[in-house]
Every structure is written in C-alpha cells, then in structure tokens.
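Any value given below was found using the heavy atoms of this structure, including those in side chains, with hydrogens, waters and symmetry copies removed. Positions are given from 1, in the same order as the sequence printed here.
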Amino acid sequence: MTAADFQHPYSDSVTVGDVVFVSGCLPVDEAENLVTGRKEALDAALATVGRRLAKTGLTLEAVVKLTYFVTDMGDRALANDQFVATWREPRPARSIVQVAGLPRGASVEIDAIARRG
C-alpha cells in the first residue's frame with residue numbers, strides 16, 4: 001500500500017498564530033507501513049509527529065502538549081521512558097488514554113500541540 005491508500009479528510013496539522021495542532025499520528029514509517037512492537041510503535045508514532053512538525057518548520061522541541069492514545073495501558077511505562085529520553089525539563093504536558101481500538105489496528109496514536117518561539 002502507498003501513502004495515497006491512506007488519504008484522510010483532515011489536515012496533518014493546522015497553524016493558528018504561533019500554535020501548531022498536529023492531528024493524531026499512527027506508528028507508520030515514511031512509506032505508511034504500520035510499525036508493530038510496543039516500543040517500536042511508540043517510537044514510530046512520535047517520529048510521525050516529528051515529520052508533520054518538520055513540514056511547519058518546527059521540531060519536537062516546540063511541543064508543549066501531547067496526548068497518547070494506547071490500546072494497552074501497559075505501554076504507559078514505555079511511553080514514560082520515551083518521554084524522558086526525548087524531552088528535558090520542563091517537559092511538555094501529556095495525557096495518556098486507553099482506547100478500545102485505533103485505525104489500521106495500531107497500538108498507539110499520538111497528537112500534539114506545538115508553539116513557535
């Protein structure tokens with residue numbers, strides 16, 4: 001499957017003033033292949049956030065809030081490890097929510113809010 005097979009009706013991100021809202025990011029590689037494995041999926045979803053931010057001229061350093069949607073709350077410890085490894089103090093605000101299911105059978109989806117400046 002190609003990226004065109006996964007078209008969606010919403011924007012990858014929307015900028016309002018100095019704030020960028022990033023739509024939910026699945027754990028996919030650049031070719032839109034679903035990444036599996038608990039840690040690998042978390043890393044891939046965050047990499048997707050990073051790619052979408054890059055299109056707006058920002059990096060993960062600009063993130064001020066994330067929401068992790070996971071199908072297994074057992075992934076919370078891995079998400080915490082990822083969070084500590086990715087951001088230094090003060091880290092962004094974050095929520096983690098367990099959900100019954102995600103698109104394409106993914107185990108995680110992450111959305112983000114970032115700020116310029």
Side-chain angles (χ1 to χ4, degrees):
M1 298 191 139
T2 67
D5 295 323
F6 300 106
Q7 301 248 340
H8 43 73
Y10 53 86
S11 300
D12 285 345
S13 66
V14 174
T15 301
V16 179
D18 289 338
V19 180
V20 177
F21 298 87
V22 179
S23 294
C25 297
L26 293 175
V28 295
D29 61 22
E30 292 187 41
E32 293 292 327
N33 298 307
L34 187 67
V35 174
T36 59
R38 294 174 63 191
K39 180 182 182 313
E40 296 84 358
L42 285 162
D43 290 343
L46 191 60
T48 304
V49 172
R51 288 192 300 274
R52 289 183 179 181
L53 283 171
K55 291 178 185 177
T56 71
L58 296 176
T59 67
L60 290 173
E61 290 288 319
V63 172
V64 295
K65 170 70 169 82
L66 295 108
T67 303
Y68 284 57
F69 301 93
V70 296
T71 56
D72 182 346
M73 194 55 82
D75 290 343
R76 184 175 180 270
L78 289 171
N80 287 343
D81 291 344
Q82 178 189 67
F83 212 69
V84 169
T86 304
W87 289 278
R88 60 180 184 259
E89 295 281 348
R91 292 184 185 92
R94 186 197 77 187
S95 301
I96 187 163
V97 179
Q98 183 172 341
V99 296
L102 290 166
R104 298 183 57 195
S107 61
V108 61
E109 182 173 1
I110 302 173
D111 69 17
I113 301 171
R115 189 174 146 266
R116 295 187 189 284

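If you take CG on N80 and OH on Y68, they are separated by 8.5 Å, rounding to the nearest 0.5 Å. Rounded to the nearest 0.5 angstrom, R51 CZ and C25 SG are separated by 8.0 Å.
Judged by distance alone, with hydrogens and angles left aside, the side-chain atoms of S23 form a donor-acceptor pair with the main-chain N or O of S11 at under 3.5 Å.
Contact of the V108 side chain with the D75 side chain is not registered, since no non-hydrogen atoms from C-beta on lie closer than 4.5 Å. Here the side chains of S107 and L102 are not in contact, with every heavy-atom distance at 4.5 Å or above. Residues V63 and L53 are in side-chain contact: their nearest non-hydrogen atoms beyond the backbone lie under 4.5 Å apart. Under the 4.5 Å side-chain criterion, counting only non-hydrogen atoms from C-beta, R116 is in contact with T56. Side-chain atoms of V19 and V64, non-hydrogen and from C-beta on, never get closer than 4.5 Å to each other. Side-chain contact between L26 and E32 is absent, with no heavy atoms from C-beta onward closer than 4.5 Å.
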(message) Run the side-chain contact (heavy atoms from CB on, under 4.5 Å) test on R104 and E109 for me, step by step, so that the C-alpha distance in whole Å, both residues' side-chain angles and the decisive distance to 0.1 Å come before the verdict.
(response) CA-CA 11 Å; R104 298 183 57 195; E109 182 173 1; over 6 Å; no
(message) I'd like to know whether D111 forms a side-chain contact (heavy atoms from CB on, under 4.5 Å) with F69, so could you lay out the CA-CA distance, the side-chain angles of the two residues, the decisive distance to 0.1 Å, and finally the verdict.
(response) CA-CA 8 Å; D111 69 17; F69 301 93; 3.8 Å; yes
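At least one test fails for R91 against the ring of F83: distance under 6.0 Å to the centre or angle within 45° of the axis.
Both L78 and L46 are part of a single hydrophobic cluster, where members link through side-chain heavy atoms under 4.5 Å apart.
Salt-bridge check for R38 with E40: failed, with every basic side-chain N at 4.0 Å or more from each acidic carboxylate O.
For CZ of R115, the number of neighbouring non-hydrogen atoms (other residues, nucleotides, ligands) closer than 6.0 Å is 12 at most.
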